[in-house]
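Have a look at the structure below before the remarks.
What's counted below: heavy atoms across the whole structure, side chains too, no hydrogens, waters or symmetry copies.
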Amino acid sequence: MILSWNTTNQCNLYCDHCYRDAGVKADEELDTKEGKSLIDEIAKAGFKIMVFSGGEPLMRPDILELISYAKKNGLRPVLGSNGTLIDLSLAKELKKAGAMAIGISLDSRNPKRHDQLRRKEGSWEEAVAGMKACREAGLPFQIHTTVFDWNQHELEEITDLAVELGAVGHHFFFLVPTGRAATIEAESLRAKEYEATLRRILEKQQKVDIELKPTCAPQFMRIARQMGLKLRYSRGCLAGISYCIISPTGNVQPCAYLNMPVGNVREIPFSRLWQESPVFKELRTEAYSGGCGKCGFKKVCGGCRARAWYYNNDYMAEEPWCLYHGRKGISVG
């Protein structure tokens with residue numbers, strides 16, 4: 001089970017696609033004491049992997065203390081970062097504190113295009129420098145790439161760069177229109193591109209030793225089965241089933257892109273929210289409507305619940321950009 005905590009809304013970048021609309025620190029973010037209490041509850045609820053994300057988590061002054069506390073509680077602390085603040089000294093501190101790995105964002109082989117998306121000149125070079133610092137410090141890192149219509153054709157090249165830099169993995173985050181990303185919805189992939197891109201990623205996986213993992217594209221599980229591939233994962237969409245996210249101010253929601261708070265940890269202990277939330281309980285029924293409800297792969301895929309919410313205002317509706325639905329005569333747009 002995996003949980004992501006957006007430790008702060010503060011960020012040194014202002015990326016076009018940020019689901020959190022990060023930049024400025026939010027009012028009343030959880031403080032150190034509240035953060036530690038939250039970590040206690042996360043461990044109590046049975047989670048194993050805890051992702052410290054943001055905003056930019058490295059802008060939080062107590063991040064090392066929180067990582068260390070999570071580690072002592074039996075969790076596996078990992079981070080999601082833009083990488084621009086990491087030097088060798090910080091990479092060593094992160095490893096010493098107990099960080100097990102860090103995901104660093106890189107969205108193009110073209111530095112200029114990456115910098116445009118991240119709204120900061122030089123951010124590509126800083127991110128790569130951060131990766132090299134992690135490698136030297138012995139802190140495992142992976143590359144995180146958000147997939148758009150404009151970079152879909154260079155994904156394999158970014159994987160090659162990940163191998164060259166010594167990454168342990170390359171994860172692909174398929175754009176979901178929420179937060180600032182809602183303004184660039186037109187740049188997300190549609191059904192045919194979606195399907196073809198996932199197949200290419202799975203084909204590339206057979207040629208490299210590092211892990212390639214699509215995220216927010218649960219159909220990769222169905223496609224892997226159709227291609228006769230065995231993956232270590234058991235399911236595509238984990239929202240509310242074995243994954244959730246907590247905002248900087250303590251709101252709990254099923255995933256980063258399904259902006260539907262089910263409660264706040266300041267009011268109800270997280271372990272209770274995880275067990276008792278009606279939204280989580282409904283997601284766990286897998287009683288989807290439309291094509292997802294009829295699909296023979298629904299237990300290994302699950303469809304993207306966040307896209308169902310964005311396009312249908314119903315998180316149990318069918319995944320709108322699934323080509324498999326189209327083959328069953330269901331409109332894919």
Once rounded to the nearest 0.5 Å, what's the spacing between atom [atom1] of [X] and atom [atom2] of [Y]?
X: E28; Y: E34; atom1: CD; atom2: CD; value: 9.0 Å
X: L30; Y: W5; atom1: CG; atom2: CH2; value: 5.5 Å
X: T145; Y: I143; atom1: OG1; atom2: CD1; value: 6.0 Å
X: L323; Y: E193; atom1: CG; atom2: CD; value: 11.5 Å
X: L75; Y: I2; atom1: CG; atom2: CD1; value: 12.0 Å

May I ask you to decide if the ring planes of H170 and F172 are parallel, tilted or perpendicular, using 30° and 60° as cut-offs?
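Geometry flag for F172 against H170: tilted rings.
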Fit a plane to each ring of W321 and Y311, take the angle between them on a 0 to 90° scale, and name the class: parallel (under 30°), tilted (30 to 60°) or perpendicular (over 60°).
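The arrangement is perpendicular - the two ring planes meet at more than 60°.
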To check you understand the geometry: which heavy-atom pair defines the closest contact between [X] and [Y], and what is its length?
X: G240; Y: L283; answer: CA-CD1, 4.0 Å
X: L38; Y: F270; answer: CD1-CB, 4.1 Å
X: A22; Y: C11; answer: CB-CB, 4.1 Å

In a table with atom names and distances, give each donor-acceptor pair under 3.5 Å that connects a side chain of residues 100-113 to protein atoms at least two apart or in another chain.
| from | atom 1 | to | atom 2 | distance (Å) |
| --- | --- | --- | --- | --- |
| D107 | OD1 | T146 | N | 2.8 |
| D107 | OD2 | R118 | NE | 3.0 |
| D107 | OD2 | R118 | NH2 | 2.4 |
| S108 | OG | N110 | N | 2.9 |
| S108 | OG | E154 | OE1 | 3.2 |
| S108 | OG | E154 | OE2 | 2.9 |
| R109 | NH1 | E157 | O | 3.0 |
| N110 | OD1 | K112 | N | 2.9 |
| N110 | OD1 | R113 | N | 3.4 |
| R113 | NH1 | Q116 | OE1 | 3.3 |

Between Q253 and S247, is a side chain to side chain donor-acceptor pair (under 3.5 Å) present by the stated rule, with each step listed?
CA-CA 8 Å; Q253 59 190 68; S247 80; over 6 Å; no
Can you check whether [X] reaches [Y] side chain to side chain, under 4.5 Å on heavy atoms?
X: I201; Y: Q205; result: no
X: K92; Y: K96; result: no
X: N9; Y: K25; result: no
X: Y315; Y: P254; result: no
X: F148; Y: S188; result: no
X: L212; Y: T159; result: yes
X: M1; Y: I49; result: no

Taking [X] for its side chain and [Y] for its backbone only, find out whether a donor-acceptor pair lies under 3.5 Å.
X: D115; Y: G122; answer: yes
X: S123; Y: K120; answer: yes
X: R305; Y: G302; answer: yes
X: R60; Y: T7; answer: yes
X: E282; Y: V279; answer: no
X: R235; Y: K299; answer: yes
X: E318; Y: G291; answer: yes
X: R135; Y: L165; answer: yes

Any chain of hydrophobic side-chain contacts (each under 4.5 Å) joining [X] to [Y]?
X: I67; Y: L88; answer: no
X: F220; Y: V176; answer: no
X: F141; Y: L161; answer: yes
X: Y14; Y: L58; answer: no
X: I245; Y: V265; answer: no

Can you name the ring-ring contact (aromatic ring centres under 6.0 Å, His included) partners of H144, sequence neighbours left out?
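Listed in chain order: H171, F173.
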Under a plain distance cut-off of 3.5 Å, with no hydrogens placed, do E29 and T8 share a side-chain donor-acceptor pair?
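Yes, because at least one side-chain N or O of T8 sits under 3.5 Å from a partner of the opposite role on E29.
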Here's one to test your reading of the geometry: is the NZ or CZ of R307 within 45 degrees of the ring axis of F174 and under 6.0 Å from its centre?
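Pair R307/F174 does not count as cation-pi.
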Can a cation-pi geometry be assigned to K213 and Y233, taking NZ or CZ under 6.0 Å from the six-membered ring centre and within 45° of the ring axis?
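Cation-pi check for K213 and Y233: passes.
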Tell me which pairs pass side-chain hydrogen bond (donor to acceptor under 3.5 Å, both in side chains) where either residue lies in residues 38-55, with sequence neighbours left out.
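Only S4-S53, N6-S53, D40-Y69, E41-S271 qualify under side-chain hydrogen bond (donor to acceptor under 3.5 Å, both in side chains).
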Before giving the answer on ring pair (Phe, Tyr, Trp, His ring centres under 6.0 Å), spell out for W274 and F47 the whole-Å C-alpha distance, their side-chain angles and the decisive distance to 0.1 Å.
CA-CA 10 Å; W274 178 249; F47 284 82; 4.8 Å; yes
Quick check: are there more than 12 heavy atoms from other residues, nucleotides or ligands sitting under 6.0 Å from CZ of R225?
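Atom CZ in R225 is not packed in, count stays at 12 or less.
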